[in-house]
Each structure stands twice: as structure tokens, then as C-alpha cells.
Amino acid sequence: MTGKPAVLGGTPLLSTPLPMTRPTLVNQLGIMDRIRAVLASGTLTGGPTVTEFEHQVARYLQVEDVVAVNSCTSGLMLVLRCLGRTGDVLLPSFTFMASGHAVVWNGLRPCFADVAPDTFTLDPRVILDSSDADPVAILGVHTFGMPADADELAKVAAAQGAELIFDAAHGLGGRYPDGTRIGGKGLAEVFSLSPTKPLTTAEGGLVSTNDRSLAAELRHARNYGNPGDYDSRLIGLNARMTEISAAMGLCALPELDAILDRRRALASRYANGLAGLPLAVQRIPDGCTPVYKDFTILVDPHQFGIDRDRLAHTLAAEGVSTRSYFSPPLHRQTAYAGCDPADLPVTDAIADQCLTLPLYSHMPESSVDMVIEAITRAYDHREELA
């Protein structure tokens, strides 16, 4: 048996708290050189650095076009706005609130569908039976960087006459089973570059698409809908990415694959170290390459002996930060109380058991081992903790 948990009077494993995440900033000298060049140019937005970043990401993703924006949320809002449709959007409830907010901000109606119990992504097998919605769009999510079942979702979307869009906030650098990178499926895929993401530009987002006309409209939409003559063509936003953010992105992009390899190695270390405990982890679909923006476990109290909240409290006493991503799910959040009731048993079960563990790209392996030891310590003393 391991040592007594700190919450029961033992010595905490960590003297300095381990954070959930930290941004990994590579090539900082290169970033500063580019920022100095931006400042010297006098062009802080709408300049050549953003254009270069868009071209480089499009080449990396092997897509026709990429449009840089100031956040994934604004990117989702603008893609949905450019659809020019009214009606229902089908999406998972087990997702970050921005997915649903983008739908509601456009006057569209969110209709929540259940997720697969092992991948935590929108389940094409049950989506047709999940609601009475007649969706104008389906919004898939690459949950924690795990590729959604894009091909099957495309079949469902086609059968319903709906556009398929992906909230790819967590997905930059991941691959589908066919070997292509996340970014080229559906009408558009929208990425986040916020500080918690493997590639960060401080704040920012990217919309990837193979539809050139959509990309052109998005470039107007991110500038208030103004194509340059001050006669706005649509109700857009100020969603422009700054030149400084693009400079950060250009310096980080060449290092992204190495960063993701490191994250996958840390996630594998977690999975192997926890394999002897009665916990569930996210399944990787055959042929997929996940990003592991987050590493999340499911804590079933009947199997583990204590529930998710008790484990989180126990880990906090050891100096380990955790989050319950995504609890509550959207259909149980106050802002969505006016939506039609949703019967989502898998979503509810996952949301009640999910616990996200610390993970960042430069995290030492020893820190992963400490978290594993802290969880093992809690399990060994589960009867005292219950």
C-alpha cells in the first residue's frame, strides 16, 4: 500500500502545486525578432504577417484556404453566420460552452445529441434518434483533440441536407483514420490558439476550409462584413487576428509536430501508469492520431470506491490541480435552461465522472508519475476516503 493521502494526514506529494496547464512557448528569440519587425512596420492588424501565417497553416493542413481570426469562438460564429440559414443546429452537449454560444448568438436553435461512451465525441449511430430536429447544420467536436467520426457524420449530414462544421478547438495537428490532418473535413473546421492549446498565439483562431467562396466571405465577415468600401455586405464582427499573434504562430508552427509527439508520450505514460486501476480513459479510434489537448479519466464510484469530486479534493491536497471538463454539460447549464429537454444518458454519465489531469507540452515525466502516485494513493485508501 502507498503512503497515506495528505487529506487523511499524510505528507503532500508536491510542495509546489502542479498546474493544470501552462503555455509552451518555443523559439522565443524568433518571436521577439518578428514582433520587433511588426512594430517597426507600423501595421498591427490586417498585414502581411497574418497572410503569411494563413498560407503556412493551409500548407500544413493541406487545405485550400485558412482564415485567421481572433478566437475559435468568433470563427464558429462567423462560419454559422455565413451559412445564411435559420433553424436547428445539432451538436453535442458534452463540449465547451463556446460551441453552443456560437449557435445561439446566430439566432439558431441548439439541439443536443449524445456522444459515444468511449471516444466522448458526437455519436453518428444515435444522432438520428437523438432529437426531432431538422438541422441546417451539424456541429461536430474533436473532444480533447480526439478526431470525431467525420466520415459517418458526413453521411448523416448529407442525408439530412445539413452542412457539417467542426469545432476543432482542440484538434490542430491531429489526424483522421485516412491519414489526413484535422482541418479538411466538412464545410469548415475551426481551431483555437488560446494559451491552453498546444500551439498558442496568446489568443486567436483559425478557420480551415476547401470552399474558396466561404473563405472570401469570412475575410469580409471578420472585418465587420466590410469588404473595404465601407458598404458592409453582412452583419460581421471585429474578429481580426493581430500581426503580433500571427508572428507567434509562425514561430510555433514548425515545432508543432514535435510538441504533439511529446504530449502523446505523456498521455501514454498516464495511460500505462493508471492501467492497473479501475478507471476509464478516452479510446483512440483505429488509425486516428489524437492531439491530447487534455487527458481525462472517468471515475466510476462503484468501481473506484470514491467519486470524481472526492478524488479531485484528495488530489488537490497532494498539490495536483484538476478540472471537471465538461461538467456540467451544456444541456444542464443555466444559459441553456430554455432549450428543449434532452435525454442524454451517456453525456450525463461522462459529465458526472470526468476528471481532467494536468498536461502541458513541457511537463516533466516525473510530474506525470507524481499524479499517478497520488491517484494510486487515493485508491489504496478508498475505504477511509469514502
Side-chain angles (χ1 to χ4, degrees), residues 91-96 99 112-127 129-130 138-156 166-182 185 189 198 260-304 308 311 322-327 329 344-359 368 371-372 375-376 379:
L91 73 159
S93 176
F94 190 72
T95 182
F96 186 62
S99 307
F112 298 118
D114 221 339
V115 295
D118 51 358
T119 65
F120 312 163
T121 61
L122 198 57
D123 191 343
R125 298 170 299 177
V126 302
I127 196 172
D129 300 324
S130 62
I138 294 174
L139 181 60
V141 180
H142 303 304
T143 312
F144 307 139
M146 193 66 68
D149 193 344
D151 291 343
E152 290 302 313
L153 288 174
K155 294 176 184 177
V156 174
F166 287 98
D167 180 341
H170 299 173
L172 187 61
R175 289 186 183 272
Y176 289 112
D178 62 8
T180 61
R181 293 193 190 273
I182 292 174
K185 303 287 189 181
E189 305 208 43
L260 295 181
D261 285 344
R262 171 66 177 167
R263 294 181 82 89
R264 285 188 280 267
L266 292 173
S268 179
R269 193 175 187 90
Y270 264 134
N272 291 334
L274 297 171
L277 300 177
L279 297 166
V281 299
Q282 197 175 18
R283 184 181 68 84
I284 304 172
D286 291 344
C288 286
T289 304
V291 170
Y292 283 114
K293 184 269 176 186
D294 293 308
F295 186 87
T296 297
I297 60 175
L298 299 185
V299 185
D300 183 336
H302 301 294
Q303 297 181 18
F304 194 75
R308 180 267 313 280
L311 177 58
T322 60
R323 294 278 179 85
S324 299
Y325 285 148
F326 301 102
S327 180
L344 307 173
V346 176
T347 294
D348 284 329
I350 293 175
D352 290 344
Q353 297 179 15
C354 61
L355 190 66
T356 298
L357 305 179
L359 180 65
V368 173
V371 177
I372 293 168
I375 295 172
T376 303
Y379 181 68

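Values below: every heavy atom of this structure, side chains too, minus hydrogens, waters and symmetry copies.
The shortest heavy-atom contact between G273 and I372 is O-CG2, 3.5 Å. Taking each heavy atom of R308 and A351 in turn, the nearest pair found is NH1-O, 3.0 Å. Contact between C354 and F326 at its shortest, heavy atoms only, is SG-N, 3.6 Å. Pairing each heavy atom of Y325 with each of F144, the nearest pair is O-CZ, 3.6 Å. Nearest heavy-atom pair across A113 and I127 is CB-CG1, 4.2 Å. Taking every heavy atom of both residues into account, V141 and A148 meet most closely at O-CB, 3.7 Å.
The cationic group of K185 does not satisfy the cation-pi geometry with F166, failing either the under 6.0 Å distance to the six-membered ring centre or the 45° limit from the ring axis.
Two residues are said to be in side-chain contact when any heavy atoms from C-beta on lie closer than 4.5 Å; V346 and V126 fail this criterion. Looking at heavy atoms from C-beta onward, V291 lies in side-chain contact with L260 at the 4.5 angstrom threshold. At least one side-chain heavy atom of L359 sits under 4.5 Å from a side-chain heavy atom of L266. In this structure the side chain of P92 never reaches within 4.5 angstrom of the side chain of T121, judged on heavy atoms.
Within the model, atoms OG1 of T376 and CG of L274 stand 6.5 Å from one another, a figure rounded to the nearest 0.5 Å. Note that NE2 of H170 and CE of M146 are 12.5 Å apart. Values are rounded to the nearest 0.5 Å. Rounded to the nearest 0.5 Å, atoms CD1 (I297) and CG (L277) are 8.5 Å apart. Summarising the geometry, atom CD1 belonging to I138 is positioned 7.5 Å from atom CG belonging to L122; distances are rounded to the nearest 0.5 Å.
S99 places no side-chain N or O within 3.5 Å of a backbone atom of T95 that could act as its donor or acceptor partner. Using modelled atom types, one side-chain atom of T143 and one backbone atom of F120 make a donor-acceptor pair closer than 3.5 Å. Side chain of R175 to backbone of T289: no donor-acceptor contact under 3.5 angstrom is found. Judged by distance alone, with hydrogens and angles left aside, the side-chain atoms of E189 form no donor-acceptor pair with the main-chain N or O of A168 at under 3.5 Å.
Counted by atom type alone, T296 and D294 present zero donor-acceptor pairs between their side chains at under 3.5 Å.
Under a 4.0 Å N-O distance rule, the pair R125/D114 does not qualify as a salt bridge.
Between H142 and Y176, the ring planes lie perpendicular to each other; the angle is over 60°, past the 30° to 60° tilted range.
More than 12 heavy-atom neighbours from other residues, nucleotides or ligands sit within 6.0 angstrom of CZ on R264.
Partner of Y270 under the side chain to side chain contact (heavy atoms under 4.5 Å, CB included) criterion, out of V281, V371, I375: V371 alone.
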